[in-house]
S.K.: 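Take this structure first; my questions come after.
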Amino acid sequence: MNAQRLNLRGDLLPPSFYTSEDVVQLAQALIGKVIVSLVDGKYCSGRIVETEAYRAPEDKACHAWNNRRTHRTATMFEAGGVAYIYLCYGIHHLFNVVTGPKDKAHAVLVRAIEPLDNIPLMLQRRNMRSLHPNLTNGPGKWTQALGITTALNGIKLYTPDAPIQLRDDGYTVAKDELLTGPRIGVDYAGEWAKVPWRFRLAQNAYIGP
DNA sequence: CGTCCGATGAACT
DNA sequence: GTTCATCGGACGT
C-alpha cells in the first residue's frame, strides 16, 4: 500500500526519535503520538493513550531481565525503532516499541489507544457492533483492532511503507494531563513492580483504571 | 520431553 | 468477585 497516497495524518517519527537511552522518558513522549496500521491492505489508526516502560538488564519485570537473550527476546536487543510483538496467555498479541541503541534491551509497551481513522474496520476485527471503550482500552484489544500479530515482530516502524507506523500529528500533552503509576500485571517482579513507569493520558475514555 | 505459567480478556456467579 | 481459554517460552529432567 502506498502511504503517500493515503495522506496519513502527521509526520513519520524518524529513527532518531527512538535512540534515547531513557526509555522511561520515551514512554511519556509516546503518549499522544499516532499509531497507524496498514495491515492486509487496509488503513486504520489511533492515538496512544497508555504506555509502560521496560528496561533491561536491571528491571526484573522486563523479559530481557539480566540481559537474557532468547529467540523471543532477541528483538528487544535491536536498535530502537522496531516492533517487539509477543504472544501472551496463548491468545493476546502485545506490542512494544523497542528503544535505545543496539544491545540495550529497552522497550515501551503500548497498553491502550484512542481510535481515530477507520473505526468500522476496527469494530469488525473485534466482532463489535458499536463504539465502546473496550474496542481499544487494553494491550491485547487494540492490537486485535489494528490487525497486529506476532507475524510483524521485528519490523521497522519508521519506513514510509511499514505496516505499522508511529506518527506525530502535532497533538501535545500538558504535564498535568499525564498520569503516572506502577505497571500492571508484574507483581512477580518484587521491588520492580512498584516503579512508576506506567503513563496515561488523563480524562481519556480509553485508558485503564 | 514434561511441566509450569504469563506485561490478558471474556464470560461467568 | 471467580474461572478459564490456549500456546510458546523457559527450564528441569
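Residue numbers start from 1 in every chain, and the chains themselves are labelled A, B, ... in the order their sequence lines are given, proteins ahead of strands.
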S.K.: If I take atom NE2 in residue A:H93 and atom C1' in nucleotide C:dG9, what distance separates them, rounded to the nearest angstrom?
M.R.: 15 Å
S.K.: If we take the C1' atom in both C:dG1 and B:dA7, what is their distance in whole Å?
M.R.: 23 Å
S.K.: So do A:F77 and A:H106 actually touch side chain to side chain, heavy atoms under 4.5 Å?
M.R.: no
S.K.: In this structure, how many angstroms lie between the P atom of C:dG9 and the OH atom of A:Y89, rounded?
M.R.: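 So the two atoms are 17 Å apart, to the nearest Å.
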S.K.: Between A:R126 and A:R72, which residue's closest nucleotide on DNA chain B lies nearer the 5′ terminus?
M.R.: A:R72
S.K.: Is it true that A:F95 and A:W142 have ring centroids separated by less than 6.0 Å?
M.R.: yes
S.K.: Just compare B:dA7, B:dT8, C:dA10 and give me whichever is closest to any side-chain atom of A:R68.
M.R.: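 Comparing B:dA7, B:dT8, C:dA10 against the side chain of A:R68, the answer is C:dA10.
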S.K.: Classify the side-chain pair A:R126/A:Q144 by whether it contains a donor and acceptor separated by less than 3.5 Å.
M.R.: yes
S.K.: I'd like to know if A:H92 reaches the base of B:dA7 with its side chain, counting only an N/O donor and acceptor under 3.5 Å.
M.R.: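 Donor-acceptor pair under 3.5 Å: no.
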S.K.: Any side-chain N or O of A:Y86 less than 4.0 Å from the OP1 or OP2 oxygen of B:dG6?
M.R.: no
S.K.: Check the distance between B:dT8's P and A:R183's CZ and give it to me in whole angstrom.
M.R.: 12 Å
S.K.: Whole-Å distance between B:dA11 C1' and A:N134 CG?
M.R.: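 So the CG-C1' distance, A:N134 to B:dA11, works out to 13 Å.
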S.K.: Counting heavy atoms from C-beta on, name the nucleotide in B:dA10, C:dG8, B:dA7 closest to the side chain of A:K141.
M.R.: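 Out of B:dA10, C:dG8, B:dA7, the nucleotide with an atom closest to A:K141's side chain is B:dA10.
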S.K.: Determine, for A:Y206 and A:R200, whether the Lys NZ or Arg CZ falls below 6.0 Å from the six-membered ring centre while staying within 45 degrees of the axis.
M.R.: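 So A:R200 doesn't make the cation-pi contact.
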S.K.: Which of the following nucleotides, C:dA5, B:dA10, C:dG9, is nearest to the side chain of A:T70?
M.R.: C:dG9
S.K.: May I have the distance from A:E52 (atom CD) to B:dT8 (atom C1'), rounded to whole angstrom?
M.R.: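 The distance from CD of A:E52 to C1' of B:dT8 comes to 12 Å, rounded to the nearest Å.
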S.K.: Quick one: A:N96 CG to B:dA7 P, roughly how many Å, whole number?
M.R.: 11 Å
S.K.: Heavy-atom nearest nucleotide on DNA chain B for A:A64 versus A:Q144: which residue maps closer to 5'?
M.R.: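 The residue whose closest nucleotide sits nearer the 5' end is A:A64.
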S.K.: For the pair A:D22 and A:R55, find out whether any cationic side-chain nitrogen is under 4.0 Å from an anionic carboxylate oxygen.
M.R.: no
S.K.: Looking at C:dC4, which nucleotide sits across from it as a Watson-Crick or G-U wobble partner, both distances under 3.5 angstrom, or is there none?
M.R.: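 Looking at the geometry, C:dC4 pairs with B:dG9.
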S.K.: Pick base, sugar-phosphate or nothing for A:L94, based on heavy-atom distances below 4.0 Å to the nucleic acid.
M.R.: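 Result for A:L94 = sugar-phosphate.
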S.K.: Does a nitrogen or oxygen in the side chain of A:R111 sit under 4.0 Å from OP1 or OP2 of B:dT8?
M.R.: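 Answer is yes, contact under 4.0 Å.
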S.K.: Ignoring the backbone of A:L87, work out which of C:dC7, C:dT6, C:dA10 is nearest its side chain.
M.R.: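 Of all the options, the side chain of A:L87 is nearest to C:dC7.
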S.K.: Just the rounded figure in Å: distance from P of B:dG9 to CD1 of A:I184.
M.R.: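 To the nearest whole Å, that distance equals 11 Å.
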S.K.: Take the protein atom CD1 of A:I85 and the nucleotide atom P of C:dG8, then report the distance between them rounded to whole Å.
M.R.: 16 Å
S.K.: Identify whether NZ of Lys or CZ of Arg in A:K60 sits under 6.0 Å from the centre of the six-membered ring of A:W65 and within 45° of that ring's axis.
M.R.: yes
S.K.: Stacking check: are the rings of A:Y54 and B:dA7 less than 5.5 Å apart at their centres and under 30 degrees in tilt?
M.R.: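 Taking the rule of under 5.5 Å and under 30°, the ring of A:Y54 does stack on B:dA7.
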